[in-house]
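Because the structure is a prediction, the values reported are computed rather than measured. Just so it is clear: chains get the letters A, B, ... in the order the sequence lines come, proteins before strands, and each one is counted from 1.
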There are 2 protein chains.
Amino acid sequence: MLGAIIALVNSFYRGERMNPSGENAKEKILSAATKIAQAHGYGGLNLRNLAGDVGIKAASLYYHFPSKADLAAAVARRYWEDAAALLQALKEESRDPLECLRKYPVETFRKSLETDNRMCLASFMTAEYDDLPEIVKKEVQTFADVNVEWLSKALQAAKIATPRDSKRRARAIFAAIVGAQLMARGRSDIALFDALIDAYRASGLLPA
Amino acid sequence: MLGAIIALVNSFYRGERMNPSGENAKEKILSAATKIAQAHGYGGLNLRNLAGDVGIKAASLYYHFPSKADLAAAVARRYWEDAAALLQALKEESRDPLECLRKYPVETFRKSLETDNRMCLASFMTAEYDDLPEIVKKEVQTFADVNVEWLSKALQAAKIATPRDSKRRARAIFAAIVGAQLMARGRSDIALFDALIDAYRASGLLPA
DNA sequence: ACCTGAACACCGTTCAAGT
DNA sequence: ACCTGAACACCGTTCAAGT
């Protein structure tokens, strides 16, 4: 009989009306966590602070995600999915593959720096390699794969590289831009990022 | 009279004989901390683990360094001082500036990867920019300055860049190599580092 | 001079309990 | 369904006390 009452009470608290704000909590957690991780990395992602940003207690995070590792993996996955969508849109908006390639550094890596000197979440977590749970590592690597793949195709389309060497070239471009973002962050200096990209163009690494 | 006794006891414990191992503790702390920071960064530098590596208790670290910030600053300072010495030696050993430039990526950044997939301490800490104490930030930036300065001079000596644009070129090379090391670490794949450096050469960023 | 144990406020995580 | 307080072992740091 006591069990029946508890079941009744529980059923009352079930359903959509428990979440009056239209936005769901999981979304809010993911987007808040992304911002924190871009500035402080996986190790610096503090669950009490994150919960505070969302407006709940740290313990409540464990209702939505079984562990910090799973939360971070979800964040990293969402991150490369968004990047893939953005790159797809960039390709469709551009008139030709060359314009596409010229926009790439600013539309992706420069944007993070513009927002509070943040950096690419995947780059930060790559540095934290030794401390990353396996599921997080996997998603972080996928981010690099997505970028390299996209660059590789763009280079081929622009006839800058042959199918044979477009991948190596794409990797080189990606790595160099990652490094440029890191240096610029270290001085909180977006102009330095721009100067580095210009230098890559002048040297021939990036198409002018 | 009690004070006199204490002073006497203290004097007994003073002097070199308290440190039977020839090596001094401060040195051991610095080198152990360097290794940890290259793998886990500033945030991941755990004082209890560090103390354990050295063979003392965490509280004892505070006898040698007033805070974690000061310890990390000393580590970072030592790091760029050692790098400066290594670069100086590299220059003296090389027959010409071009050979010097060709050795640069392997003698510096590749070496870290060879040792347990570690990375440049300064690169890691640059990612941690937002969480870095000011004194640490300063030393980390000096590491980049030292490298860029050295590269800049080497580029001029090799007549690859004019005094006018050697600095921008040096910065671009440094940033690109930093990025290459990060990517290679993210796959624990030294061959990837080598491939990236080769691609930089093929594109014209690095002298062939 | 050099080291330590015990204590502080903090971290990720768990869990029983609340609505 | 969703959230919480209290507890756990851990972190950086302090300090009085030891040799």
Side-chain angles (χ1 to χ4, degrees), chain A residues 2-3 5-29 33 36-37 40-73 75 128 131-133 136, chain B residues 2-3 5-29 33 36-37 40-73 75 128 131-133 136:
Chain A
L2 186 64
I5 293 170
I6 292 172
L8 209 71
V9 171
N10 280 349
S11 79
F12 173 77
Y13 284 107
R14 220 164 289 162
E16 291 307 302
R17 85 199 99 88
M18 271 316 281
N19 187 15
S21 74
E23 250 207 321
N24 95 21
K26 212 155 179 167
E27 284 308 313
K28 280 162 77 176
I29 293 168
I36 296 174
H40 308 282
Y42 177 78
L45 177 58
N46 176 319
L47 297 195
R48 273 179 244 260
N49 289 350
L50 169 59
D53 287 356
V54 176
I56 56 177
K57 299 292 169 184
S60 308
L61 293 171
Y62 286 80
Y63 173 74
H64 301 281
F65 301 95
S67 70
K68 183 180 176 178
D70 289 277
L71 166 57
V75 166
E128 294 175 294
D131 301 312
L132 241 39
V136 181
Chain B
L2 187 64
I5 293 168
I6 292 173
L8 210 69
V9 171
N10 281 347
S11 79
F12 172 77
Y13 284 107
R14 219 163 291 164
E16 291 307 302
R17 87 200 96 90
M18 273 314 283
N19 186 14
S21 75
E23 249 207 321
N24 95 20
K26 211 156 180 165
E27 284 308 311
K28 280 162 75 177
I29 293 168
I36 296 174
H40 308 282
Y42 177 78
L45 178 58
N46 178 319
L47 298 194
R48 272 179 245 259
N49 289 350
L50 169 60
D53 287 356
V54 177
I56 56 177
K57 298 293 168 185
S60 308
L61 293 171
Y62 287 80
Y63 173 75
H64 300 281
F65 300 94
S67 70
K68 183 180 175 179
D70 289 278
L71 165 57
V75 166
E128 295 175 293
D131 301 313
L132 242 41
V136 181

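Taking a pair to require two hydrogen-bonding distances under 3.5 Å in either a Watson-Crick or a G-U wobble arrangement, D:dC10 remains unpaired. Base pairing analysis places C:dA16 opposite D:dT4; the two distances defining the Watson-Crick or G-U wobble pair are each below 3.5 Å.
Summarising the geometry, the separation between CG on B:Asp70 and C1' on D:dT13 is reported as 13 Å, rounded to the nearest angstrom. Going from atom NE2 of B:His40 over to atom P of D:dG12 covers 13 Å, rounded to whole Å. At whole-Å resolution of the value, NZ in A:Lys57 and P in C:dG18 are 18 Å apart. Protein atom CD1 of A:Ile36 is 10 Å distant from nucleotide atom P of C:dG12, rounded to whole Å. Atom-to-atom, CG of B:Asp131 to P of D:dG12 comes out at 14 Å; the value is rounded to the nearest Å.
Which of D:dG12, C:dC11, D:dG5 sits closest to the side chain of A:Asn46 comes down to C:dC11. Side-chain proximity of B:Ile56 to the nucleotides C:dT13, C:dC3, D:dT13 is greatest for C:dC3. Distances from the side chain of B:Arg48 to the nucleotides D:dG5, D:dT13, C:dT13 place D:dT13 closest.
Between B:Gly44 and B:Ile36 the shortest heavy-atom distance is O-CG2, 4.0 Å. Scanning all heavy atoms of the two residues, the minimum distance from A:Val136 to A:Ala72 falls at CG2-CB, 3.8 Å. The minimum heavy-atom distance linking A:Leu71 with A:Ala33 is given by the pair CD1-CB, 4.5 Å.
Toward the 5′ end of DNA chain C lies the nearest nucleotide of A:Asn49, the other residue of the pair A:Asn49 and A:Ala59 mapping further downstream.
No engagement by B:Leu71 is indicated, since no non-hydrogen atom pair under 4.0 Å with the nucleic acid exists. Note on A:Leu50: nothing from the nucleic acid sits closer than 4.0 angstrom, heavy atoms only.
Proximity of B:Ser60 to the phosphate of C:dT4: a side-chain N or O atom is located under 4.0 Å from OP1 or OP2.
The structure places CG of B:Asp131 at 9.0 Å from OH of B:Tyr42, a figure rounded to the nearest 0.5 Å.
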Report, one line per pair, each donor and acceptor closer than 3.5 Å where one atom sits in a side chain of residues 49-65 of chain A; sequence neighbours left out.
from    : atom 1 : to      : atom 2 : distance (Å)
A:Ser60 : OG     : A:Lys57 : O      : 3.4

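Within residues 61-69 of chain B, the residues that have a heavy atom under 4.0 Å from DNA chain C are, in order of number, B:Tyr63, B:His64.
At least one donor-acceptor pair under 3.5 Å links the side chain of B:Glu128 to the backbone N or O of B:Gly43.
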